[in-house]
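Working notes, structure below.
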Number of protein chains: 2
Amino acid sequence: MADYDHPASESLTLLGVLRGLADPIRLEIVQHLGSVPEASCAALLGDRPRSSMSHHFQVLRESGLLHTRIQGVQHFNSLRKADLDLRFPGLMEAILAG
Amino acid sequence: MADYDHPASESLTLLGVLRGLADPIRLEIVQHLGSVPEASCAALLGDRPRSSMSHHFQVLRESGLLHTRIQGVQHFNSLRKADLDLRFPGLMEAILAG
DNA sequence: GGTTTAATTCGACTTTGATCGAACAATATC
DNA sequence: GATATTGTTCGATCAAAGTCGAATTAAACC
C-alpha cells in the first residue's frame, strides 16, 4: 500500500489543529501518543468500530497531528511533536499535560 | 439584566476549551481578546449578524474561555486568561501566539 | 492459491453545530 | 412615556461531522 502524504509543517494551521483536537476520541488518541513513540491502529482501537477509528486517523493526519508509517500490514501512528512544536510552540506540551 | 454564570475554573475541561476554540470566528474573538483588556460585543461584531455572534459568545462563555461583564446595556467581554493559565498552563500563550 | 490479519473505503444514516431573520428584553436618553 | 441602542432568544434551515456495517485492499503465512 502506498504511503500517505502528510501535510508539510509550514502548511499547518492553528484552526486545523484545534479542529483535529476537538473530539473526545481524537484527543484521547493524541494524548496516548504523547506517552509512546508510536502505536498501531489496533493498539489504539479499544472496543470501537474500525471504520470509525479510520475516520479519526484520517482527520488527525490531515490536520497534521499524526504521522502514519506503514510497515507490512500494520500502520504505526506517531504524534508529529517536532513539527507541531516548531509551528505552534508550547501547544502540544499544554495539550499533553491536560 | 442578570449576570451570566460562568463555569468555575476547576470545572473547565480541555476538550471543552478546544471545542470552544475550534471555530474560525471564535478563534478570532479569542485572539483579539488576547490583546485588549476587554471589548464590547459591538466592538467584536464586524459585519456579521448579531444573532450569530451571540451564539458564539455563549459557546465561549460555556467553555470557560470568556467572561462577560454587564454594564448598562453593554456587555464587556474578556478572556479568562488567569483561570485558563491555572487550569491549562501554557495553552493560551500558544493559542495567542498563533 | 487460499486464509488470516490489519486497516481503509464506501455509502447511508444520524447527530451536532452554524447561520440568521424576527421578536424580545433591558437600559439609556430625550 | 416614546424612542433608540445593545444584545439575547427563538425557531427554522442548512451544512458539517461522527457512526458504523459491508465490501475492499494489501500484506503475511501456511
Side-chain angles (χ1 to χ4, degrees), chain A residues 1-7 13-33 36 38-79, chain B residues 1-7 13 15-30 32-33 36 38-79:
Chain A
M1 179 179 266
D3 286 2
Y4 294 106
D5 51 338
H6 301 84
T13 66
L14 181 57
L15 183 60
V17 169
L18 291 171
R19 282 209 160 124
L21 293 168
D23 174 275
I25 294 180
R26 292 198 297 266
L27 182 58
E28 186 185 310
I29 292 172
V30 166
Q31 290 182 327
H32 182 115
L33 289 177
V36 296
E38 59 180 6
S40 69
C41 295
L44 294 162
L45 186 60
D47 59 348
R48 307 170 201 279
R50 287 169 188 275
S51 53
S52 301
M53 293 303 275
S54 265
H55 163 69
H56 289 301
F57 290 132
Q58 184 182 2
V59 173
L60 287 171
R61 267 192 304 270
E62 290 175 353
S63 63
L65 282 157
L66 185 139
H67 181 270
T68 304
R69 174 176 74 83
I70 301 180
Q71 186 181 42
V73 77
Q74 295 187 73
H75 292 199
F76 289 100
N77 304 288
S78 59
L79 197 59
Chain B
M1 183 179 263
D3 286 3
Y4 293 106
D5 52 337
H6 301 84
T13 66
L15 182 60
V17 169
L18 291 170
R19 283 209 160 124
L21 293 169
D23 174 274
I25 295 180
R26 291 198 296 267
L27 183 57
E28 186 186 309
I29 292 172
V30 166
H32 182 116
L33 288 178
V36 295
E38 58 180 7
S40 69
C41 295
L44 296 162
L45 186 58
D47 60 348
R48 307 172 200 281
R50 288 166 189 275
S51 54
S52 300
M53 293 303 274
S54 265
H55 165 67
H56 289 301
F57 289 132
Q58 183 183 4
V59 172
L60 287 171
R61 267 193 304 270
E62 288 175 355
S63 63
L65 282 157
L66 185 138
H67 181 270
T68 304
R69 173 176 75 84
I70 301 180
Q71 187 180 40
V73 77
Q74 294 188 73
H75 292 198
F76 289 100
N77 303 288
S78 59
L79 197 60

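Chain letters run A, B, ... following the sequence lines, proteins first and then strands; every chain starts at 1.
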Provide, to the nearest angstrom, the distance between the CG atom belonging to B:D3 and the P atom belonging to D:dG7.
15 Å
Would you name the heavy atoms of A:A22 and B:L15 that are closest together and state the gap between them?
C-CD1, 4.0 Å
Contact under 4.0 Å: A:H56 side-chain N or O vs D:dT19 OP1/OP2
yes
Closest to the B:S51 side chain: D:dT9, D:dT19, D:dA22?
D:dT9
Give a yes or no on whether the ring-centroid distance for A:H75 and A:Y4 is below 6.0 angstrom.
yes
For residues B:E62 and B:P7, report the shortest heavy-atom separation together with the two atoms involved.
O-CG, 3.8 Å
Quick one: A:R19 CZ to D:dA16 P, roughly how many Å, whole number?
10 Å
Using heavy atoms to find the nearest nucleotide of DNA chain D for A:R48 and B:R50 separately, return the residue whose nucleotide is more 5′.
B:R50
Interatomic distance where CZ belongs to A:R69 and P belongs to C:dA6 [whole Å]:
16 Å
Would you say B:R26 reaches C:dA18's phosphate, i.e. side-chain N/O to OP1/OP2 under 4.0 Å?
yes
Relative to the 5' end of DNA chain C, which residue comes earlier, B:G72 or B:A22, by the nucleotide with the nearest heavy atom?
B:A22
Side chain of B:V73 - closest among D:dG7, D:dT19, C:dA26
C:dA26
Whole-Å gap separating P (C:dT19) and CD (B:Q58):
14 Å
Derivation of the side chain to side chain contact (heavy atoms under 4.5 Å, CB included) call for A:R26 and A:L66:
CA-CA 10 Å; A:R26 292 198 297 266; A:L66 185 139; over 6 Å; no
Contact under 4.0 Å: B:H55 side-chain N or O vs C:dA18 OP1/OP2
yes
Looking at C:dA18, C:dA6, D:dT8, which one has an atom nearest to any side-chain atom of B:D23?
C:dA18
If you compare every side-chain N and O of B:R61 against the phosphate oxygens of D:dT8 (OP1, OP2), does one of them come in below 4.0 Å?
yes
Output yes when at least one side-chain N/O atom of B:S52 is less than 4.0 Å from OP1 or OP2 of C:dC20, else no.
yes
Counting heavy atoms from C-beta on, name the nucleotide in C:dT8, C:dA7, D:dG7 closest to the side chain of A:S40.
C:dA7
If I take atom CG in residue A:L45 and atom P in nucleotide C:dT5, what distance separates them, rounded to the nearest angstrom?
15 Å
Under a 3.5 Å distance rule, please check whether A:N77 uses its side chain to pair with a backbone N or O of A:T68 as donor and acceptor.
no
